[in-house]
Structure formats: structure tokens, C-alpha cells
Number of protein chains: 2
Amino acid sequence: MPHHKLIARLLAVGPVSERDRDALRNMRYSVRNLADAEYAVRVGDRPSSCTIVLAGFLSRQRVVSDRMQISSFYLAGDMPDLPSLHLPVMDHDLCSVGPSTIALVKHSDVRAMLQESTGLLNAFWRETLIQGAVYREWVDNLGARQALPRVAHLICEIATRLEFVGLVEQNSFNCPLTQEDVANACGLSIVHVNRTIQELRRRGLIDWRGRTLELLQRQEFEEVAEFDAAYLHGLDRPHE
Amino acid sequence: MPHHKLIARLLAVGPVSERDRDALRNMRYSVRNLADAEYAVRVGDRPSSCTIVLAGFLSRQRVVSDRMQISSFYLAGDMPDLPSLHLPVMDHDLCSVGPSTIALVKHSDVRAMLQESTGLLNAFWRETLIQGAVYREWVDNLGARQALPRVAHLICEIATRLEFVGLVEQNSFNCPLTQEDVANACGLSIVHVNRTIQELRRRGLIDWRGRTLELLQRQEFEEVAEFDAAYLHGLDRPHE
DNA sequence: CGGGGTTTTGACAGTTTTCAACAGAGGTGG
DNA sequence: CCACCTCTGTTGAAAACTGTCAAAACCCCG
């Protein structure tokens, strides 16, 4: 059921008519399970399907200047390669972070669906606009913040986006990222990320053991991260 | 004539029907001149018009962690606050870099135009997708590259985007950025940007005096910058 | 139980920032 | 036309943050 998380995601950021929701529910799709570090799409590919994340995390990544840079994470309900509808050639890899599950919907089906409904077309456009806001926030994060708030901000974003699709319980969620992934996303070295996370732990802000991440003292943590969820443009701000 | 640069910009990245071009040409608009450092829109504003850059540069910026971070520059033909159509509250300032000229088109007019033509709706969506690609490239740039290639990459991007709208002649163009602007965009200190630009000059890669920037040895310069224009998704790659 | 990936540690090197001061360019007013 | 003022660009030295290298501890999975 790819529609479930996708609809939840779209509803979290804007209205979608009942008719459009039906169209989404009736999409044809195939499901694919990805192992840890397995690629969904590669740089240079010309996908003929759109990917919808059903479970787990995907990263958008590319080798830049001899290191792996991650420019976004995609969670349940996200459509990481929506751009391929208009921009045929992938400029990044989409890679599974931990095991994950994705749905694939043919471009032709998506196009047909969007031709039927300008409401959906607008919803997808809005979704693209929000993705843009997220990328810009990453620019701000990488450009202006030191390691500690930078890492904290990343964690806050993931937590809030997971809340949109109901995957956080008592400030605790499943997080498949390794410290290396955090380093690649934050533009920091693994060693420095390790020390930064230790500092967050030392301050009693997070408890991150294995695949489980718990936010202790959410308020203080978001202050350290200088996090303001407004840029995610969620309709119901979960933590207010 | 806001349509001129806007149409050039849209045509540079995708097909637009003659009918849609007519619709763009018939847009109602008002023109506004901005002085250096004057704001077009501020954080928290709820614009009722869309901005189109006619001449000069705008920067998208925000105070992050006690410094000014620029997350994008917008050049002639760009529509920096297109997101406000779907995301009403501005999350960044739009600020003039040097004097500039913008056109303003009422949201209601834009909406009417898009309702008439799914072709235009798709063109604007594609434009948003490309903006997203540009933001991601900035993430890669800030996250992975050292000062020298980072600054060089920014310059390459601006040059190429200016070429799309015909504002580069003999590898030379008008560049209103100060070293402080470069610093704010690249997440570096002014002093370090100054030294970096001197190094680029010393290597004979650029000649940047006053408001005029000339790329000497374009090929080598783009190699230093690790620049590949593919992410801008121009239809005619100018430098091939 | 073994083995590979992940986390952790320490010492050191490097890039980048900060501070502070000065030179130069451009615009304004007298 | 020059003085003056501000913004921009430039320099040097010291400090800070972050990176690199290398090794060890840990942990999960088969």
C-alpha cells in the first residue's frame, strides 16, 4: 500500500480532494525491497518509474571532491525521483540507508494521473516546492552552523518529518543512519561527528543507541539546533 | 518587458508553446527598481505578487547562527518567490545585490494563467524542479568542497546561468557581488574569500575588477571548480 | 565463535576564523 | 576641486574548529 504513506505525506502539507486520493489509491505499482547500501537509482540513469519510499530511508548522494556527499534523506511517503518526470537524467544516486522498501509507479501512469487532475498536479508541485525549502535549509545548515548545531539540526528535521507520517512515538524513532551517514550529510568527518554526538549525549539531549534514537528534552535540543519546523510547511505543527 | 527574460529563461530549460508564450507576453505587471541592499520581500511576508527579476541580482538570505547566509542568487528571468504561490509565508529575505529591477505579477493573475494552461503549469513546475537541483548543488558545494573550488563553483554557476539569458560576452559579465556576498553564499569568512579570490587571480583563472568579472581559461577554471553544467538542465549547453 | 562494519580514542596537521589595522575606491558636500 | 566619509578590499598573526591518521574497542550478524 504505497498510497497510505504517500497520502499521509501529501495531506500533511496541503489539501488533497477525496477524488484525488482515490486516484492515488488506484495507482498501479510494484514493490521492491532494498538491502542496506543498495541503489534504487544511479547517476546517469533515465528512470521510467517514480519511486515512493514505503519504509526505511533513502539517501540522495554523489561523489564530490573525493568524498561522498549526501544532499537529502527521503522517508516514508517521499518521492525522491519526482524530478525525473521532467528532468530525465539522474544527477545523484538514490541509495538505501539500512534496509528499505519502495514502490515504483510508471512515469506513464503518473503522467496520465496528473493529466486527469490539476489538483494532483498542484499537489505534486507544492511537494516539489517544499523539497526545495528543505534543500535550502540544508544550505543554511551547512553554510552557517558549527558542527554541534548542524548535526542537531539534521536530527530535528528527520524527527519532525517522521512525525508527519506517524513514525515517532514518545520522541523516539527508528534511525538507520550510521555516524558515517551523518558525516556525509553534514559535510563533516566521521571522527568529528562522533565527538559531536558524544557531546549531544553528554548534554543529555539525545539517547542514540543502535538503530533507536530518542530525543530527551526536545525543547532544549531544538534550541541547540536552532530548529524551527516552519520550513517543512506541515499543516499541523506536531510539537506546539 | 518582463516576458522577454522570463520567456528566454523558460525556453532555455524546456519547450513552451507559442500560445503559452503569448499568455506570458500579455501578463499584467508593474516594475520596481531596487537600490543596492534594498529588500524585495522579507521573512514573514505573505506576498500577493510574484517577483520576476528583470535586471541585476537578488539574493535569498536569512540570518542563521549569527551570520547572514545566502542560499541562492536570482538573475534575470528568475522567479525567486514562485514558492509563495503555494507556501504563503516567506522563510527568507529577498534582497537586491547592487541596484536591480524586478517585475511584479499578481498571484491572482498567475493563478488564472496557470488554470488556463497546464502547459505553463508544467513549465513552472519544471522550473521549480531545476531550482531544487540548484539548491542541491549548493549543498554539495558547501558540504564537500574546500574554499578554492567552492568559490570557483559559485562563479561558474552564475556565469552559466547568465549565459542562458544572454548576459555574457566573451566570457565576461557584470557581477554586482561583493566579496562579502561571496562569503555569505559560500559559508566562508570575508577574509578567507579575499585570499581565495586572490589565489584564483594568481593562477590566471579570473579577472575580477570592480563590477566586471572575466573568466580567463574557462576550461581550466571549470576543472578547478569541478563544475559540470548538467544540473542546470539547460537545453543548449552553451560551452560544448 | 569469528569477522566485518561501526564506534571510539589520541595526537597531530590543516584549513578556516577572528581580530585588528590599513589601503583603496567611490560618492557627497562644502 | 578637494576634503571627507563610507564601503570594499587587503594584510598579518594568533586562535579555533575540523580533518587526518592510526589503532583499539565494540557490536551485531551469520
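Throughout, a chain's letter reflects where its sequence line sits, starting with A, and its residues are numbered from 1. Quantities reported herein were computed from a predicted structural model and do not represent experimental measurements.
Listed by chain and number, the residues in a salt bridge (charged side-chain N to carboxylate O under 4.0 Å, His left out) with Arg42(A) are Asp93(A) (sequence neighbours excluded). In this structure Arg32(A) satisfies the salt bridge (charged side-chain N to carboxylate O under 4.0 Å, His left out) test together with Glu38(A), sequence neighbours excluded. Ala40(B) meets the side-chain contact (heavy atoms from CB on, under 4.5 Å) test with Leu34(B), Leu58(B), Leu94(B), Ile102(B); sequence neighbours excluded. With sequence neighbours excluded, the residues forming a side-chain contact (heavy atoms from CB on, under 4.5 Å) with Ala225(A) are Ala152(A), His153(A), Cys156(A), Phe227(A), listed by chain and number. Residues satisfying the salt bridge (charged side-chain N to carboxylate O under 4.0 Å, His left out) criterion with Arg60(A), sequence neighbours excluded, are Asp91(A). Residues forming a salt bridge (charged side-chain N to carboxylate O under 4.0 Å, His left out) with Asp207(B) (at least two apart in sequence, or on another chain): Arg209(B). Applying the side-chain hydrogen bond (donor to acceptor under 3.5 Å, both in side chains) test to Glu157(B) and every residue at least two apart in sequence or in another chain returns Trp138(B), Arg161(B), Tyr231(B).
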Quick one: do Arg150(B) and Glu226(B) satisfy salt bridge (charged side-chain N to carboxylate O under 4.0 Å, His left out)? Show the steps, please.
CA-CA 9 Å; Arg150(B) 193 187 300 181; Glu226(B) 306 169 64; over 6 Å; no
Using the side-chain hydrogen bond (donor to acceptor under 3.5 Å, both in side chains) rule, take Glu180(B) and Thr178(B) through it: C-alpha gap first, then chi angles, then the decisive distance, then the call.
CA-CA 5 Å; Glu180(B) 183 173 7; Thr178(B) 65; 4.9 Å; no
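A heavy-atom distance below 4.5 Å is found between the side chains of Glu214(A) and Leu216(A).
Per the geometry, CG belonging to Asp181(A) stands 12 Å off C1' belonging to dG5(C), to the nearest Å. We find that CG of Asp36(A) is positioned 10 Å from C1' of dG5(C), with the value rounded to whole Å. Atom CE in Met68(B) sits roughly 17 Å away from atom P in dT17(C) (whole-Å rounding).
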What pairs of nitrogen or oxygen atoms, one from the protein and one from nucleotides 7-15 of chain C, lie under 3.5 Å apart?
from: dT7(C); atom 1: OP2; to: Gln179(A); atom 2: N; distance (Å): 2.8
from: dT8(C); atom 1: OP1; to: Arg201(A); atom 2: NH2; distance (Å): 2.8
from: dT8(C); atom 1: OP2; to: Gln179(A); atom 2: NE2; distance (Å): 2.8
from: dT8(C); atom 1: OP2; to: Asn194(A); atom 2: ND2; distance (Å): 2.6
from: dT8(C); atom 1: OP2; to: Arg201(A); atom 2: NH2; distance (Å): 3.1
from: dT8(C); atom 1: O5'; to: Asn194(A); atom 2: ND2; distance (Å): 3.3
from: dT9(C); atom 1: OP2; to: Gln198(A); atom 2: OE1; distance (Å): 2.5
from: dT9(C); atom 1: OP2; to: Gln198(A); atom 2: NE2; distance (Å): 3.0
from: dG10(C); atom 1: N7; to: Arg195(A); atom 2: NH2; distance (Å): 2.5

For nucleotides 21-25 of chain C, which of its nitrogen or oxygen atoms have a protein nitrogen or oxygen under 3.5 Å away, and what is each distance?
none

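Summary of helix geometry: the two end axes of the helix from dC1(C)-dG30(D) to dG30(C)-dC1(D), each defined by five base pairs via their C1' atoms, are inclined to each other by 40° (rounded to 10°).
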Considering only distance and modelled atom types, tabulate donor-acceptor pairs under 3.5 Å from the side chains of residues 164-174 of chain A, sequence neighbours left out.
from: Asn171(A); atom 1: OD1; to: Arg218(A); atom 2: NH1; distance (Å): 2.8

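In 5' to 3' order, the nucleotides of DNA chain D bounding all contacts with chain A (an atom under 4.0 Å from a heavy atom) are dC17(D) to dC21(D).
Using a 4.0 Å cut-off between a side-chain N of Lys or Arg and a carboxylate O of Asp or Glu, Arg9(B) and Glu127(B) qualify as a salt bridge.
Judged purely by atom type and a 3.5 angstrom limit, Thr196(A) uses its side chain to pair as donor or acceptor with the backbone of His192(A).
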